[in-house]
Amino acid sequence: MPASSPPSHFLREAIDMAVQNVTTGQGGPFAALVVRDGEIIGRGTNVVTTLNDPTAHAEVTAIRRACDTVEDFELPRCTLYATCEPCPMCLGAAYWARLDRVYYAATREDAAAAGFDDDHIYEELTKPPENRRIPMTQHLQDEAERPFEAWRNYEDRVEY
């Protein structure tokens, strides 16, 4: 098997989890696994509507659980297996967790055809903050450096 080909059984397991998530009424049609050295260290399904939490996407949940498992906020040597191409939030989480690789089954276009369309978020990211649908305006710029200054001066900080 070429290095770029994922072990299909991890994607199939995620797909099975997503189907079960829907058929049992637990949430949306998404699931994800975080795998290190061939072992699943984090699992997640989409539970946005059952938890009333817009951040409870499958990938974020799997990353949180994997971090709990390894007791670290970074996941080097780990691969994310997701039933769908990660949305902007989940993509950000994958980068922040420092995952090595992401494999996914469905594309974001497939998700849009099922009613899950993230294109508006991708479009918003290209706009200046003041032109976004949710207006974003900077204030207190003269005080904004204080938290960073405190961070730089904090001797026990954990770099990330």
Side-chain angles (χ1 to χ4, degrees), residues 6-138 147-148 151 157-160:
S8 297
H9 66 280
F10 289 128
L11 278 174
R12 285 192 183 101
E13 183 167 342
I15 290 168
D16 289 344
M17 288 170 52
V19 170
Q20 183 177 13
N21 200 50
V22 171
T23 60
T24 60
Q26 298 299 307
F30 304 97
L33 304 169
V34 176
V35 176
R36 178 182 279 171
D37 300 327
E39 178 186 350
I40 298 170
I41 61 170
R43 298 170 188 271
T45 56
N46 178 290
V47 287
V48 168
T49 57
T50 53
L51 293 182
N52 295 319
D53 179 355
T55 68
H57 287 204
E59 297 91 334
V60 171
T61 302
I63 289 169
R64 286 176 179 161
R65 290 181 177 157
C67 288
D68 284 344
T69 298
V70 300
E71 298 179 332
D72 199 345
F73 60 88
E74 293 183 344
L75 297 170
R77 303 183 345 269
C78 290
T79 300
L80 178 70
Y81 294 85
T83 56
C84 190
E85 180 180 355
C87 75
M89 177 181 66
C90 295
L91 181 62
Y95 277 102
W96 280 114
R98 292 164 176 81
L99 294 167
D100 284 359
R101 179 179 297 272
V102 176
Y103 292 112
Y104 60 90
T107 65
R108 68 190 212 205
E109 291 80 14
D110 297 330
F116 299 91
D117 191 359
D118 299 330
D119 278 342
H120 67 284
I121 300 172
Y122 288 99
E123 290 170 9
E124 289 290 302
L125 292 172
T126 66
K127 297 177 184 177
E130 64 275 5
N131 293 340
R132 293 179 181 156
R133 196 171 75 191
I134 299 174
M136 299 181 184
T137 309
Q138 184 180 24
F148 299 122
W151 175 253
R157 71 179 175 267
V158 176
E159 299 288 343
Y160 62 98

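All figures in this text were calculated on a predicted structure; none of them were measured in a lab.
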Problem set entry | Lys/Arg-Asp/Glu bridge criterion (N-O < 4.0 Å) met for Arg132, Glu130 | no
Exercise. Between Tyr103 and Phe10, is the gap from one ring center to the other below 6.0 Å?
Worked result: no
Problem set entry | Spacing of CD belonging to Gln20 relative to CE belonging to Met17, to within rounding of 0.5 Å | 8.5 Å
Exercise. Just wondering, are more than 12 heavy atoms of other shown residues or ligands nearer than 6.0 Å to CZ in Arg157?
Worked result: yes
Exercise. CG of Leu33 to SG of Cys78: how many Å apart, nearest 0.5 Å?
Worked result: 12.0 Å
For this session: Starting at CD1 of Ile41, measure out to SG of Cys67 and round the result to the nearest 0.5 Å.
Result: 8.0 Å
Problem set entry | Side chain to side chain, Pro29 and Asn46, heavy atoms closer than 4.5 Å | no
Exercise. Salt bridge or not for Asp119 and Arg108, using N-O below 4.0 Å?
Worked result: yes
Exercise. Can you check side-chain contact (heavy atoms from CB on, under 4.5 Å) on Asp110 and Glu85, steps first, answer last?
Worked result: CA-CA 9 Å; Asp110 297 330; Glu85 180 180 355; over 6 Å; no
Problem set entry | Aromatic contact, Phe116 with Phe30 (centres under 6.0 Å) | yes
Exercise. Do you know which two heavy atoms are closest between Ala82 and Glu59, and how far apart they sit?
Worked result: CB-OE2, 3.9 Å
Problem set entry | Residue pair Gln26 / Val47: nearest heavy atoms and the distance that separates them | O-CG1, 3.6 Å
Exercise. Do Arg36 and Val70 come within less than 4.5 Å of each other through their side chains, counting heavy atoms only?
Worked result: yes
For this session: Hey, could you give me the CG/CZ distance between Asp72 and Arg98, rounded to the nearest 0.5 Å?
Result: 10.0 Å
Exercise. Is the NZ or CZ atom of Arg12 both under 6.0 Å from the centre of the six-membered ring of Tyr81 and within 45° of that ring's axis?
Worked result: no
For this session: Ignoring hydrogens and angles, tell me if any N or O in the side chain of Asp68 forms a donor-acceptor pair with the backbone of Arg65 under 3.5 Å.
Result: no
Exercise. Should we say atom CD of Glu159 is surrounded by more than 12 heavy atoms from elsewhere, each under 6.0 Å from it?
Worked result: yes
For this session: Verify the neighbour count for atom OH of Tyr95: are there more than 12 heavy atoms of other residues, nucleotides or ligands below 6.0 Å?
Result: no
Exercise. Closest heavy-atom contact between Val34 and Leu80?
Worked result: CG2-CD1, 3.9 Å
For this session: Can you see which heavy atom on Ile15 is nearest to which on Ala105, and at what distance?
Result: CD1-CB, 4.1 Å
Problem set entry | Salt bridge flag under 4.0 Å for residues Asp37 and Arg77 | yes
Exercise. Run the side-chain contact (heavy atoms from CB on, under 4.5 Å) check on Arg64 and Thr69 step by step: do they pass?
Worked result: CA-CA 9 Å; Arg64 286 176 179 161; Thr69 298; over 6 Å; no
For this session: Check Val48 against Pro54 and note the closest heavy-atom contact, atom names and distance.
Result: CG1-CA, 4.0 Å
Problem set entry | Side-chain heavy-atom pair Pro129, Gln138 within 4.5 angstrom cut-off | no
For this session: Would you give the length of the straight line joining atom CD of Glu13 to atom OG of Ser8, rounded to the nearest 0.5 angstrom?
Result: 13.0 Å
Problem set entry | Least distance between heavy atoms, Ala31 atom then Ala58 atom | CA-CB, 3.4 Å
For this session: Without swapping roles, check the side chain of Asp100 against the backbone of Pro76 for a donor-acceptor pair under 3.5 Å.
Result: no
Problem set entry | Greater than 12 external heavy atoms within 6.0 Å of Glu74's CD | yes
For this session: Any chance you could measure Asp16, atom CG, to Leu11, atom CG, to the nearest 0.5 Å?
Result: 11.0 Å
